[in-house]
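Step one of this worksheet: look at the structure below.
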Amino acid sequence: MKKVMIAVLFCSILSANETDISSFDDEFSDKPIFDPLSGYNRVMTDVNDFMYRNIFTPVFKGYDYIMPDEGQTAISNFFDNILFPIRFINNLLQFKFANAGEETLRFIANTVVGFGGISDVATNVYGLKKHDEDFGQTLGYWGVGSGFPVVIPILGQSNLRDIAGLGGDYVTNPLTYMNEWWAKDSEFMNYATKSFAMINENSLDPEKYQKATSGAVDLYTFIKNAYEQRRNALIKE
């Protein structure tokens, strides 16, 4: 149980929060970030770094080795389609009604024409854009400050606002209810399914973490600033 839950938590944060971290060239932001937990955060960043490099990345590489690229892409598309409710609800909560409508059209197209979502026909055929939004972004949209940085064991870099947002994402994620809908005899089917989905997603680029952090002199400061800049940019979109 603990191993499965750890895998879910790690993969979620790596998929959501490490994405595009390498797009930031500056390791230090101009505006200092209030960081009362800096001592703890630095230690936990080093612990997580060790686990990412020595445990999780080998798992991603092993999965990538045995799974054909076409299978990885199909599985990624399938689970991305399932996560439609998170994107739809948060676009609505931010009054982005056009985006919510386009998300709905994407879901219908991929579910009906894309064989349950394994083919992303919404993008490739109909040119419908995906609008990623989560509850952390919604809180930021309504003026909730990020609070101070917190590095979560396994999960990685976050802040108080986004930690609160994880609760909303969990509740609106259909995979959370897998054990109730499809496998009532298996108490942990939801965690196993999320683990599989996130391992597959990260296997598309198994060395993403290493590439994103390769130029960092001060690893914690680099990840912290890149994370905050990325999240602020997403909220302003």
Side-chain angles (χ1 to χ4, degrees), residues 1-21 33-37 40-41 44-45 47-48 51 56 79-96 99-100 103 107 130-183 186-199 201-202 223-224 226-237:
M1 171 183 175
K2 291 182 178 179
K3 292 182 179 179
V4 174
M5 293 181 70
I6 286 174
V8 172
L9 293 175
F10 159 73
C11 294
S12 297
I13 198 70
L14 185 58
S15 177
N17 294 340
E18 295 294 344
T19 301
D20 292 333
I21 191 174
I33 299 174
F34 177 59
D35 191 1
L37 299 180
Y40 157 81
N41 286 338
M44 191 52 60
T45 295
V47 172
N48 287 343
M51 298 187 69
F56 296 110
F79 282 111
D80 184 72
N81 194 52
I82 288 178
L83 297 181
F84 156 75
I86 298 178
R87 298 189 296 270
F88 175 74
I89 291 173
N90 282 286
N91 274 291
L92 285 181
L93 291 176
Q94 296 177 44
F95 294 164
K96 298 177 180 178
N99 291 354
E103 278 293 332
F107 178 73
K130 183 171 71 171
H131 303 280
D132 276 321
E133 298 288 347
D134 56 47
F135 276 90
Q137 290 170 245
T138 296
L139 291 173
Y141 174 86
W142 288 107
V144 177
S146 62
F148 53 78
V150 181
V151 179
I152 307 172
I154 307 301
L155 282 172
Q157 189 67 46
S158 189
N159 57 45
L160 293 181
R161 180 194 61 221
D162 290 344
I163 289 175
L166 288 176
D169 295 335
Y170 179 85
V171 171
T172 55
N173 186 344
L175 298 180
T176 299
Y177 309 100
M178 281 286 296
N179 57 317
E180 298 180 15
W181 295 343
W182 295 346
S186 180
E187 183 178 356
F188 308 110
M189 178 59 70
N190 52 341
Y191 297 118
T193 304
K194 287 182 179 180
S195 295
F196 173 67
M198 295 305 176
I199 289 173
E201 187 67 25
N202 284 283
I223 294 178
K224 175 182 67 175
Y227 177 85
E228 291 296 332
Q229 291 177 50
R230 175 62 178 167
R231 294 298 289 175
N232 289 337
L234 290 173
I235 290 170
K236 292 176 181 178
E237 288 181 352

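Because only heavy atoms are used, hydrogens play no part in the values below, and waters and symmetry mates are left out as well, while side chains stay in.
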Leu139 and its side-chain contact (heavy atoms from CB on, under 4.5 Å) partner, picked from Ile235, Val144, Leu160 | Val144
Can you tell me how far CG of Leu234 sits from OH of Tyr141, rounded to the nearest 0.5 angstrom?
-> 15.0 Å
Taking atom OH of Tyr191 and atom OG1 of Thr193, what is their separation to the nearest 0.5 Å?
-> 12.0 Å
With under 30° as parallel and over 60° as perpendicular, where do the rings of Phe107 and Phe84 fit, or are they tilted in between?
-> parallel
Go through Arg231 and Asp134 one step at a time and tell me if the side-chain contact (heavy atoms from CB on, under 4.5 Å) criterion holds.
-> CA-CA 11 Å; Arg231 294 298 289 175; Asp134 56 47; 2.9 Å; yes
Does any non-hydrogen side-chain atom of Glu237 lie less than 4.5 Å from one of Asn99?
-> no
So how far is it from Lys96 NZ to Asn91 CG, rounded to the nearest 0.5 Å?
-> 6.5 Å
Find the distance between CD (Glu133) and CG (Leu92) and round it off to the nearest 0.5 Å.
-> 11.0 Å
side-chain contact (heavy atoms from CB on, under 4.5 Å) partner of Val150, the single match among Ile163, Asn159, Asp35 = Ile163
Taking the side chain from Asp162 and the backbone from Ser146, do they hold a donor-acceptor pair closer than 3.5 Å?
-> no
Closest heavy-atom contact between Phe34 and Pro149?
-> O-CD, 3.0 Å
Gln137 and Gln94: side-chain contact (heavy atoms from CB on, under 4.5 Å), yes or no, with the steps?
-> CA-CA 9 Å; Gln137 290 170 245; Gln94 296 177 44; 4.1 Å; yes
Would you sort out whether Asn90 and Ile86 count as a side-chain contact (heavy atoms from CB on, under 4.5 Å), showing the intermediate values?
-> CA-CA 6 Å; Asn90 282 286; Ile86 298 178; 3.7 Å; yes
Below 4.5 Å, heavy atoms only, C-beta onward: do Ile89 and Phe135 meet side chain to side chain?
-> yes
Reported CG-to-CG distance for the pair Leu175 and Asn190, which is rounded to 0.5 angstrom | 8.5 Å
CZ of Phe79 to CE of Met198, rounded to nearest 0.5 Å, is 9.0 Å
Is the closest side-chain heavy-atom distance between Lys224 and Gln157 below 4.5 Å?
-> yes
Any idea which heavy atoms bring Thr172 and Gly168 closest together, and the distance?
-> OG1-O, 2.9 Å
Can you tell which of Ile199, Ile154, Asn48, Asn202 makes a side-chain contact (heavy atoms from CB on, under 4.5 Å) with Phe56?
-> Ile154
Heavy-atom pair of closest approach, residues Lys194 and Asn173 | CE-ND2, 3.7 Å
Correct closest heavy-atom pair for Phe88 and Ala100 would be CD1-O, 3.6 Å
